[in-house]
Amino acid sequence: MAEIRPFSAYRPAPGRESRIAALPYDVYNREEAAEIVRKNPDSFLAIDRAETGFGNEVDTYAPQVYERAAGLLRERIAEGSFIREEKACYYLYEQVMDGKAQTGIVACASIDDYLNNVIKKHENTRADKEQDRINHVDVCNMQTGPIFLAYRTSDVLRELTAEVKGQEAVYDFVSEDGVRHRVWVIGDEGRIETIRKSFSEIPAVYIADGHHRCASAVKVGLKRRQKYPEFTGEEEFNYFLAVLFPDEELHIMDYNRVVRDLNGYTAEEFMEKVSEGFLVEDAPASPYKPDKKGCFGMYLDGNWYKLTAKSHILSEDAVDGLDVSLLQNHLLKPVLGIEDPKTDRRIDFVGGIRGLKELERRVHGDMRVAFSMYPTSIGELFAVADAGRLMPPKSTWFEPKLRSGLFLHGLESQPGCTGR
């Protein structure tokens, strides 16, 4: 059962939240991050991507970059940009995009639950990507980017959330991308116990987004355990910052594919090969967005086609039955020669937030063919994780993204935590 506990957050001083809150560090390349920090020095990217404070001659992962991040964080806490909650609390974090709301509970999750697979994964992580955040968390002594977790909806938590949202929010702002963000503090002991008890009765929670950040947080915790062998399990380094959302509110977008060439085939030969596994028809709309599982859009030579997976390639397997797997196993690999989509430079991935016109733009530019996908469902994600399996790369695109800088979790002892 999941141990999800309250914590005493560092959070922006009221009135500063809209300037501090930033998209996750890995959304941007170095140049983009530097431009955002130049325009808004208060952006949390100045801390999450502290290389923005150096010229390009300083490596992104140089020790002085992490030292700068820690120094900036200390300075901004000292100057009052952040306040510290007086007691351990839970928080509600609501995001509204295009009229759709998702509301998560901000809390700390247990690294032991991660290690014991109570917190379930569906992606592999890369050691090089982990190491950056390990260094950042360890040197800053602070977790700055929450992990996006999901759980099967609880009636008790749904009712509690609705009650809390009837109160005045401590933060309420709209970010530059049009997403509205609202935050409430849950300090009432009765509600705190209700939340803690509700999660203790949930057999599993799932990483929706942030596998690398989560793995990094866990490894910092394990590193601290080695450093302090007399640890009790109550220390803050045994827990990591998370926002937990009910599955019924989550919106997964399509994660589309573009490929640079036709693997030596002419367009006619390619279409013939595709038709071995898929029914190929002129698309009913241009651009074409698939409206059900097993259907795909294909953009080639200025035309949109509808591909429907034929019965002989369908599968009931949790992984092989995913649309991303059907496309990879029966078209991208055998026809286009994309053996490993993680490493093959002939393929690229386009998040659904960018729209289908972006697929057309890429095909008219540096690519030859594009495929639009029907989104993977949260139920499919749960099924893969429950089976102890992994999803193919780039299977899910979650929107809206959680903002960094709204909640910080210090790894030192915290006041008021009641612990296990």
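FYI, the numbering just counts along the sequence from 1. The model shown is predicted, which means the values in this text are computed figures rather than measured ones.
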Thr308 side chain to Cys295 main-chain N or O, any donor-acceptor pair under 3.5 Å?
no
Take Phe371 and Tyr299 through the test ring pair (Phe, Tyr, Trp, His ring centres under 6.0 Å) and record every step on the way to the result.
CA-CA 6 Å; Phe371 301 94; Tyr299 186 64; over 10 Å; no
Look at the side chain of His211 and the backbone N and O of His122, then say whether any donor-acceptor pair between them is shorter than 3.5 Å.
yes
Please round to the nearest 0.5 Å and tell me the distance separating atom CD of Glu230 and atom OG1 of Thr232.
10.5 Å
Does a side-chain N-to-carboxylate-O contact under 4.0 Å join Glu380 and Lys293?
yes
If we count only N and O atoms by modelled type, under 3.5 Å, do the side chains of Lys87 and Ser8 hold a donor and an acceptor together?
no
Which heavy atom of Ile4 sits nearest a heavy atom of Tyr90, and at what distance?
O-OH, 2.6 Å
My understanding is that only one of Val274, Asn256, Asp323 makes a side chain to side chain contact (heavy atoms under 4.5 Å, CB included) with Phe296; could you say which?
Asp323
Qualifying residue for side chain to side chain contact (heavy atoms under 4.5 Å, CB included) with Arg11, from Leu408, Ile83, Leu406
Ile83
Using a strict cut-off of less than 4.0 Å between a Lys/Arg side-chain nitrogen and an Asp/Glu carboxylate oxygen, indicate whether Lys289 and Asp254 qualify as a salt bridge.
yes
Measure the acute angle between the ring planes of Phe245 and Phe148, then classify it against the limits of 30° and 60° as parallel, tilted or perpendicular.
tilted
Any chance the side chains of Arg152 and Tyr206 put a donor and an acceptor closer than 3.5 Å?
yes
Run the salt-bridge test on Arg225 and Asp112 with the 4.0 Å N-O cut-off and return the result as yes or no.
yes
Can Glu248 and Arg158 be counted as an ion pair, charged N to O under 4.0 angstrom?
yes
Does the side-chain contact (heavy atoms from CB on, under 4.5 Å) test come out yes or no for Glu249 and Thr103, once each step is laid out?
CA-CA 8 Å; Glu249 294 187 5; Thr103 307; 3.9 Å; yes
Indicate yes or no for a side-chain donor-acceptor contact from His409 to the backbone of Pro146 under 3.5 Å, with no hydrogens or angles considered.
no
Donor-acceptor side-chain pairing of Tyr25 and Asp132 below 3.5 angstrom
no
Tell me, with the steps shown, if Glu79 and Ser81 meet side chain to side chain donor-acceptor pair (under 3.5 Å).
CA-CA 6 Å; Glu79 73 186 17; Ser81 291; 2.8 Å; yes
Of all the heavy-atom pairs spanning Leu359 and Ala370, show the shortest one and how long it is.
CB-CB, 3.9 Å
Taking everything shown except Gln226 itself, do over 12 heavy atoms lie less than 6.0 Å from its CD?
no
For Thr153 and Asp247, does a side-chain donor sit closer than 3.5 Å to a side-chain acceptor?
yes
Thr52 and Arg30 side chains, donor-acceptor separation under 3.5 Å
no
Donor-acceptor pair, distance only, cut-off 3.5 Å: does the side chain of His251 make one with the backbone of Phe398?
no
Value rounded to 0.5 Å, distance of OH in Tyr171 from CZ in Arg16
11.0 Å
Heavy-atom distance under 4.5 Å between the side chains of Ile252 and Ile378, does that happen here?
yes
Could you tell me whether Glu234 and Arg5 have a side-chain N and a carboxylate O separated by less than 4.0 Å?
yes
Ser110 side chain to Asp113 backbone, donor-acceptor under 3.5 Å
yes
Evaluate the criterion side chain to side chain donor-acceptor pair (under 3.5 Å) for residue pair Tyr93 and His181; output intermediate values, then yes/no.
CA-CA 7 Å; Tyr93 179 19; His181 306 265; 2.9 Å; yes
Just by distance, do the side chain of Asn40 and the backbone of Arg19 share a donor-acceptor pair under 3.5 Å?
yes
I'd like to know if the side chain of Asp48 and the backbone of Phe44 have a donor-acceptor N/O pair within less than 3.5 Å.
no
Full working for salt bridge (charged side-chain N to carboxylate O under 4.0 Å, His left out) between Asp138 and Lys223:
CA-CA 9 Å; Asp138 205 19; Lys223 184 178 177 182; 2.6 Å; yes
Looking only at heavy atoms, which two atoms of Val118 and Pro203 are closest? And how far apart?
CG1-O, 3.7 Å
Test item: side-chain donor near acceptor, Tyr239 and Glu3, under 3.5 Å:
yes
Phe7 versus Leu241: any side-chain heavy-atom pair under 4.5 Å?
yes
One thing to verify: whether Lys100 and Asp98 come together as a salt bridge, which I'm taking to mean a side-chain N less than 4.0 angstrom from a carboxylate O.
no
Given Asp177 and Lys401, is the salt bridge (charged side-chain N to carboxylate O under 4.0 Å, His left out) satisfied, shown in steps?
CA-CA 11 Å; Asp177 56 0; Lys401 303 294 185 188; over 6 Å; no
I would like to know whether Arg180 and Phe173 meet side-chain contact (heavy atoms from CB on, under 4.5 Å); could you show each step before the answer?
CA-CA 6 Å; Arg180 185 183 183 186; Phe173 67 96; over 6 Å; no
Picking from Lys121, Glu123, Arg389, what satisfies side chain to side chain contact (heavy atoms under 4.5 Å, CB included) with Val384?
Arg389
Stepwise, does the side-chain contact (heavy atoms from CB on, under 4.5 Å) test hold for Phe237 with Val220?
CA-CA 7 Å; Phe237 56 71; Val220 170; 5.7 Å; no
Checking Trp304 against Glu360: is there a side-chain donor and acceptor pair closer than 3.5 Å?
yes
Are Asp348 and Arg362 within salt-bridge range, i.e. N to O under 4.0 Å?
yes
Measure the acute angle between the ring planes of Phe407 and Tyr91, then classify it against the limits of 30° and 60° as parallel, tilted or perpendicular.
tilted
Taking Arg126's backbone N and O only, do any of them form a donor-acceptor pair with His212's side chain (distance below 3.5 Å, no angle check)?
yes
A quick test of your reading: do over 12 heavy atoms of other residues, nucleotides or ligands sit less than 6.0 Å from CZ of Phe231?
yes
Cut-off 3.5 Å, side chains only: do Asn238 and Arg224 have a donor facing an acceptor?
no
Side-chain contact, heavy-atom cut-off 4.5 Å: Leu326 with Leu314?
yes
Might you work through the salt bridge (charged side-chain N to carboxylate O under 4.0 Å, His left out) test for Glu17 and Arg403, ending with a clear yes or no?
CA-CA 10 Å; Glu17 60 274 11; Arg403 265 38 181 195; over 6 Å; no
Could Arg76 and Asp42 be called an ion pair, given the rule that one side-chain N must be under 4.0 Å from one carboxylate O?
no
Would you confirm whether Ser372, through its side chain, and Gly297, through its main-chain N or O, come within 3.5 Å as a donor-acceptor pair?
yes
Cut-off 3.5 Å, side chains only: do Glu85 and Tyr10 have a donor facing an acceptor?
no
Apply side-chain contact (heavy atoms from CB on, under 4.5 Å) to residues Met142 and Val137 and explain how you reach the verdict.
CA-CA 5 Å; Met142 192 88 70; Val137 171; over 6 Å; no
Is the backbone N or O of Leu279 less than 3.5 Å from a side-chain atom of Ser275, with the two atoms forming a donor-acceptor pair by type?
no
Measure across Ile20 and Gly405 and return the closest heavy-atom pair with its distance rounded to 0.1 Å.
CG2-O, 3.9 Å
